[in-house]
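Remarks on the structure that follows.
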Amino acid sequence: MSDLALAAADRQVISALRSNKVPFIKTFFDNTTFTATHVVHDPATREAAVVDSVMEYDPAAGRTAHHHAQEVVDYIRANDLKLQWLLETHVHADHLSAAPWIQEQLGGKLAIGADIIRVQDIFGKLFNAGTRFARDGSQFDRLFHDGETFMLGSIPAIALHVPGHTPADMAYVIGDAAFIGDTLFMPDYGTARADFPGGDARMLYRSIRRLLSLPEQTRLFLCHDYKAPGRDTFAWETTVGAERTHNVHVHEGVGEDEFVAMRTGRDATLSMPNLLMPSVQVNMRGGHLPEAEENGTRYIKIPIDRV
Ligand SMILES: [Fe+2]
């Protein structure tokens, strides 16, 4: 992306933020995977978006369930909202998306970043997914490029490409709120890991600096929270100003090399998420389970000694 394109995209963000449109946001937190699902709606038109939903999965039994997603559906119905968008910030490695299940009941367009095709290529090869697994993003209704605008009801919105945690991460700025996926976490917890296939700590730092260049009052909504030492409640909302001042990994004054050394060192100590294998195989298909084999049963594969 040229400097000019970057500037144009960021100018559009600023103008969306200045629209004085304030979406209403209700968050559903999943205590098993520590994921925050946000339902954001335009109070004027009642059109809504679901950002990063969760399907339960019991890896020992190979069983799925939709209690968490059902709560989201019930909330949307009870409040007479019209689902316009299902927005995924990235191919999650720690939980399975419930987006297609919610879409079946409520409609709406399923969207993710256009670089999903790179992630599909990486994981399609790792899982030897075969030719029936399309690696062109066709499982989604819309693939956003950096700087693309869209509307949530009457509220202007913009998609930003913020790679680093994965190559395809997106942030969605909707009115005065930004849904930033796995980039920054709460100021007292820091930042997302950058050691998954295609991840890059240097790229993550640059994406974070871009998010931190938004106006300081911008509300930030995170994809995860794991609490932090000294804090015993979950939290998922902060501001650009709070992150700039207090983020333990990337507050003002932390340079790129310092961040990369910290992030790389810390990532080397982290184990893989429990639901990595099922999550990636389902989420690379837009939240659909792998196709059934000849006996009618769907399977999750585990590559041995590869990750
Ligand atoms: Fe993630």
Side-chain angles (χ1 to χ4, degrees), residues 27-38 50-57 59 68 86-99 110-120 122-123 126-127 140 144 159-172 178-186 189-208 211 220-228 234-238 243 247 249-250 263-264 266-287 307:
T27 298
F28 297 82
F29 194 77
D30 175 47
N31 286 294
T32 306
T33 62
F34 308 104
T35 304
T37 297
H38 307 291
V50 171
V51 184
D52 291 332
S53 57
V54 175
M55 172 167 75
E56 292 96 331
Y57 182 73
H68 191 261
L86 299 116
L87 302 174
E88 295 288 314
T89 55
H90 62 293
V91 170
H92 307 278
D94 58 358
H95 70 273
L96 286 66
S97 169
L110 176 56
I112 200 164
D115 278 11
I116 177 76
I117 58 172
R118 291 180 54 200
V119 177
Q120 288 179 325
I122 293 169
F123 289 122
L126 177 64
F127 291 104
F140 297 83
F144 283 117
L160 298 178
H161 183 211
V162 286
H165 172 64
T166 77
D169 277 59
M170 300 301 285
Y172 300 104
F179 301 84
I180 59 172
D182 288 7
T183 50
L184 293 158
F185 292 137
M186 289 300 283
Y189 194 85
T191 56
R193 64 195 297 174
D195 61 333
F196 293 150
D200 184 321
R202 203 162 284 283
M203 228 184 255
L204 179 62
Y205 179 85
R206 292 173 191 178
S207 294
I208 287 171
L211 291 171
L220 299 181
F221 290 85
L222 318 177
C223 186
H224 295 292
D225 186 53
Y226 307 95
K227 297 180 180 169
F234 290 112
W236 46 78
E237 179 180 352
T238 180
E243 295 280 19
N247 189 288
H249 294 166
V250 278
R263 190 65 265 171
T264 309
R266 186 173 152 82
D267 287 348
T269 69
L270 301 176
S271 50
M272 285 292 133
N274 286 340
L275 295 182
L276 174 75
M277 298 297 174
S279 298
V280 170
Q281 282 170 85
V282 169
N283 296 337
M284 72 182 188
R285 295 176 162 90
V307 175

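In listed order, ligands and their atoms are each counted from 1.
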Of the backbone and side-chain N, O or S atoms of [X], does one lie nearer to the Fe ion (ligand 1) than 2.8 Å?
| X | result |
| --- | --- |
| H92 | no |
| H165 | yes |
| D182 | yes |

Which N, O or S atom of H90 lies nearest to the Fe ion (ligand 1), by name: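 H90's closest N, O or S atom to the Fe ion (ligand 1) is named NE2.
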
Hey, are [Y] and [X] close enough side-chain-wise for a donor-acceptor pair under 3.5 Å?
| X | Y | result |
| --- | --- | --- |
| T27 | H38 | yes |
| T166 | D169 | yes |
| H95 | D30 | no |
| T191 | H249 | yes |

